[in-house]
Amino acid sequence: MGLKSGSTFLGDFLRQCGGYAVIDGGLGTELERHGADLNDPLWSAKCLVSSSHLIRRVHLDYLEAGANIIISSSYQATLQGFEAKGISREEGEALLKRSVEIACEARNIYNDRASKGSWDDYYDGTGLKRNPVLVAASVGSYGAYLADGSEYSGIYGDAITVKTLKDFHRRRVQVLANSGADLIAFETTPNKIEAQAYAELLEEEAVSIPAWLSFSSKDGTNVASGDSIAECASIVDSCNEVVGIGINCTSPRYIEGLIQSIRKVTSKPILVYPNSGETYDGEKKEWVASRGVAEEDFVSYVDKWCEAGASLVGGCCRTTPNTIRAISKVLSLRSHRV
């Protein structure tokens, strides 16, 4: 989109959006709803190989629901994971780029429809309105590649160091930084050492697009591994390439307190996209409806999150375009009050 990188990147974008921006929702469950079989270590990245049209369809569903930021299907797409499935390094890099291309294609279709005025509610008295849209290239944690649930614990073992993690992520980050995405989204970061690895990697590689970094939490005080959320946020706050810090794939009931903790250590925009409140069982590879919140209850939190300091809000696992549509309405009302 040609938006400048650096500390003003998200600030400028938020102003374009009216003060608040909408992040998209869950990808995997929506792909399954459209008929994809994701029972595979590659998870949603499997669709890059077999059914990219479904990914584009889900991106479009979220754009039509009001999302300003769509996140690519590269969360579980690692070069190492592709190689384990017999996919060559070159093919793997092409699939990483393809994940961003699919999101950009969805944005182009959305923009084309809006410019043709095919959606009545995009008109007001002054003429055509259209949601500004960014494409974020997703980078999942090392634990996501392991596909054993360790992304939800952050316990990687003593053998895994900052250097190990930098070496693991380096080539994927290089490819995604040159894929046409507007920013890189480091998602579901479960521990301090991976945050440190990302921050060092961004600086070492002089990555040409900005990044945001979001953590996961199981208790509302610490990230998944037990490391302090404030300490983790401080590590990435000191990295100039990081333009936003936040929380994803975490129960809605913990989000407000986590925003307050992050706010104490950063002045960068804060983003939140919680899951539905259910718990993922990494061994059984299924969601357990422990204390899941209904869609309307999820959305009732949004004003509190914004009051606490969040300016970008969306959903993660098990949230749907309906969730995002409702979030968009809440944020739109807030924008008009600002």
Tyr110 side chain to Asn131 backbone, donor-acceptor under 3.5 Å: yes
Residues 302-313 side chain polar contacts: donor-acceptor under 3.5 Å, at least two apart:
from, atom 1, to, atom 2, distance (Å)
Asp303, OD1, Arg334, NH1, 2.8
Glu307, OE2, Arg334, NH1, 3.1
Glu307, OE2, Arg334, NH2, 3.2

Given 3.5 Å as the limit, does a donor-acceptor pair link the side chain of Ser251 with the main chain of Tyr254, or not? no
Before giving the answer on side chain to side chain contact (heavy atoms under 4.5 Å, CB included), spell out for Val173 and Phe186 the whole-Å C-alpha distance, their side-chain angles and the decisive distance to 0.1 Å. CA-CA 10 Å; Val173 169; Phe186 294 101; 3.9 Å; yes
Do Val223 and Ile229 make a side-chain contact, defined as non-hydrogen atoms from C-beta onward lying under 4.5 Å apart? yes
Main-chain N/O of Leu176 paired to Ser179 side chain as donor or acceptor, under 3.5 Å: yes
All heavy atoms of Tyr273 vs all of Gly315, minimum pair found to be CB-N, 3.5 Å
Pairing of Lys163 and Glu200 as salt bridge, 4.0 angstrom limit: no
Closer than 3.5 angstrom, by distance alone: can the side chain of Ser217 be matched with the main-chain N or O of Asp219 as a donor-acceptor pair? yes
Are Arg253 and Tyr301 close enough, and set up right, to give a side chain to side chain contact (heavy atoms under 4.5 Å, CB included), and what steps lead you there? CA-CA 8 Å; Arg253 67 184 184 277; Tyr301 282 106; 3.7 Å; yes
Is a side-chain N or O of Asp227 found less than 3.5 angstrom from the main chain of Lys192, in a donor-acceptor match? yes
Shortest non-hydrogen separation from Ser225 to Ile155 and the atoms involved: O-CD1, 4.2 Å
Less than 3.5 Å apart, any donor N or O on the side chain of Asn322 or Thr320 sitting next to an acceptor on the other? no
Transitive ILVMFWY cluster of Val265 at side-chain heavy atoms under 4.5 Å: who else is in it? none
Verify, without hydrogens or angle tests, whether Ser228 (side chain) and Asn222 (backbone) share a donor-acceptor contact under 3.5 angstrom. no
Shortest non-hydrogen pair, Cys17 vs Ser335, comes out as O-OG, 4.1 Å
For Glu203, enumerate each residue passing the side-chain hydrogen bond (donor to acceptor under 3.5 Å, both in side chains) test, keeping only those at least two apart in sequence or located in another chain. none
Please name the pair of heavy atoms, one in Tyr198 and one in Gly140, separated by the smallest distance, quoted to 0.1 Å. OH-O, 3.5 Å
Is it the case that more than 12 heavy atoms not belonging to Lys46 sit under 6.0 Å from its NZ atom? yes
Under 3.5 Å, is there a donor on one side chain and an acceptor on the other for Glu194 and His169? yes
Would you say the side-chain atoms of Ser138 and Glu187 include a donor-acceptor pair closer than 3.5 Å? yes
With sequence neighbours excluded, tell me which residues meet side-chain hydrogen bond (donor to acceptor under 3.5 Å, both in side chains) with Gln174. Arg171, Glu205
For Ser238, what residues pass the side-chain hydrogen bond (donor to acceptor under 3.5 Å, both in side chains) criterion, not counting sequence neighbours? none
Would the distance check show the side chain of Arg172 and the main-chain N or O of Ala77 forming a donor-acceptor pair, the cut-off being under 3.5 Å? yes
Which residues pass the side-chain hydrogen bond (donor to acceptor under 3.5 Å, both in side chains) test with Ser74, not counting sequence neighbours? Ser72
Identify the residue among Tyr156, Trp43, Phe168 that makes a ring pair (Phe, Tyr, Trp, His ring centres under 6.0 Å) with Tyr145. Phe168
Can a side-chain donor-acceptor contact be found between Ser214 and Asn248 if the only test is distance below 3.5 angstrom? yes
Taking Ile324's backbone N and O only, do any of them form a donor-acceptor pair with Ser328's side chain (distance below 3.5 Å, no angle check)? no
Can you confirm whether the side chains of Thr161 and Thr164 place a donor and an acceptor under 3.5 Å from each other? yes
